[in-house]
Visitor: 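First, the structure itself, so that you have it in front of you.
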Amino acid sequence: NIFRAAGDLSHLISILILLNTIQKSRSIAGISLKTQILYVLVFLTRYLDLTYRYVSIYNTLMKLFFISSSIYIVYLMIYKFKNTETEQIDTFPIEYLIGGSFILSLIFNYKFQFGEILWSFSLWLESVAILPQLFMLQRTGEARTLTTHYIFALGAYRTLYIPNWIFRWISEGRVDYLAIFTGIVQTIIYSDFFYIYYHRVLKGFKFELP
Amino acid sequence: IKNEVVHDEL
């Protein structure tokens with residue numbers, strides 16, 4: 001359906017914006033390494049199911065893309081364009097996010113099986129993975145416009161999945177409660193950012209926190 | 001509502 005397609009496209013575009021921003025400016029200023037590491041974890045734990053579950057060639061290619069691009073971005077951030085200044089303000093305690101997601105995945109899953117727990121873990125972790133990045137924005141008080149486009153596209157992906165789930169619930173009778181709940185949590189976390197993005201960036205102002 | 005959740009999304 002259209003929402004899912006738009007969501008996936010938005011997800012893809014977000015990564016391309018980020019890669020393009022880093023490569024062109026040859027800098028990772030203002031980008032949270034911790035958030036990027038969390039995304040590697042999210043993609044690895046959710047998408048390694050491609051080794052034992054086949055959905056479609058589209059699904060497989062997208063999974064491979066997200067796993068490899070996220071690892072590549074972390075590689076660029078650590079080795080190629082290391083930025084100690086940015087690292088110093090990247091102080092969000094992600095061990096709590098990882099630990100919390102792990103505990104929640106043990107409690108909420110569809111089956112108490114390794115693959116299912118990993119899947120649930122990735123959903124919980126993804127819902128909060130942007131926090132170090134938003135925390136960094138809050139500390140610096142402003143961001144490069146491209147960085148805000150990246151965050152917006154990344155947030156739009158999960159937000160667009162919400163009407164997709166409603167659509168699938170109506171048309172297929174399928175409901176994935178975990179994905180829906182974590183998707184809503186994620187969208188709420190983004191809501192503040194969306195609001196500022198809409199009011200400032202889209203109207204041509206710089207991204208500055210009020 | 002179907003019980004089986006298929007992980008076919010990204």
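Order of the sequence lines fixes the chain letters, A, B, ..., with proteins taken first and strands second; residue numbering starts at 1 for each chain.
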Visitor: So that I can tick it off, tell me whether Asp8(B) and Arg168(A) are bridged by a salt bridge, with the cut-off set at under 4.0 angstrom between side-chain N and carboxylate O.
Guide: yes
Visitor: Side chain to side chain donor-acceptor pair (under 3.5 Å) for Gln133(A) and Asp90(A)? Distances and angles first, verdict last.
Guide: CA-CA 8 Å; Gln133(A) 179 67 65; Asp90(A) 193 11; over 6 Å; no
Visitor: Which bit of Tyr54(A) is near chain B, if near means a heavy-atom gap under 4.5 Å: side chain, backbone, both or neither?
Guide: neither
Visitor: So what's closer than 4.5 Å to chain B heavy atoms on Asn59(A): side chain, backbone, both or neither?
Guide: both
Visitor: Please check if the side chain of Ser120(A) supplies one atom and the backbone of Ile117(A) the other of a donor-acceptor pair under 3.5 Å.
Guide: no
Visitor: For chain B, which of Arg46(A), Lys63(A), Arg53(A) has the most heavy-atom pairs under 4.5 Å?
Guide: Arg53(A)
Visitor: Using ring centroids (six-membered ring only for Trp), state whether Tyr161(A) and Phe3(A) fall under 6.0 Å.
Guide: no
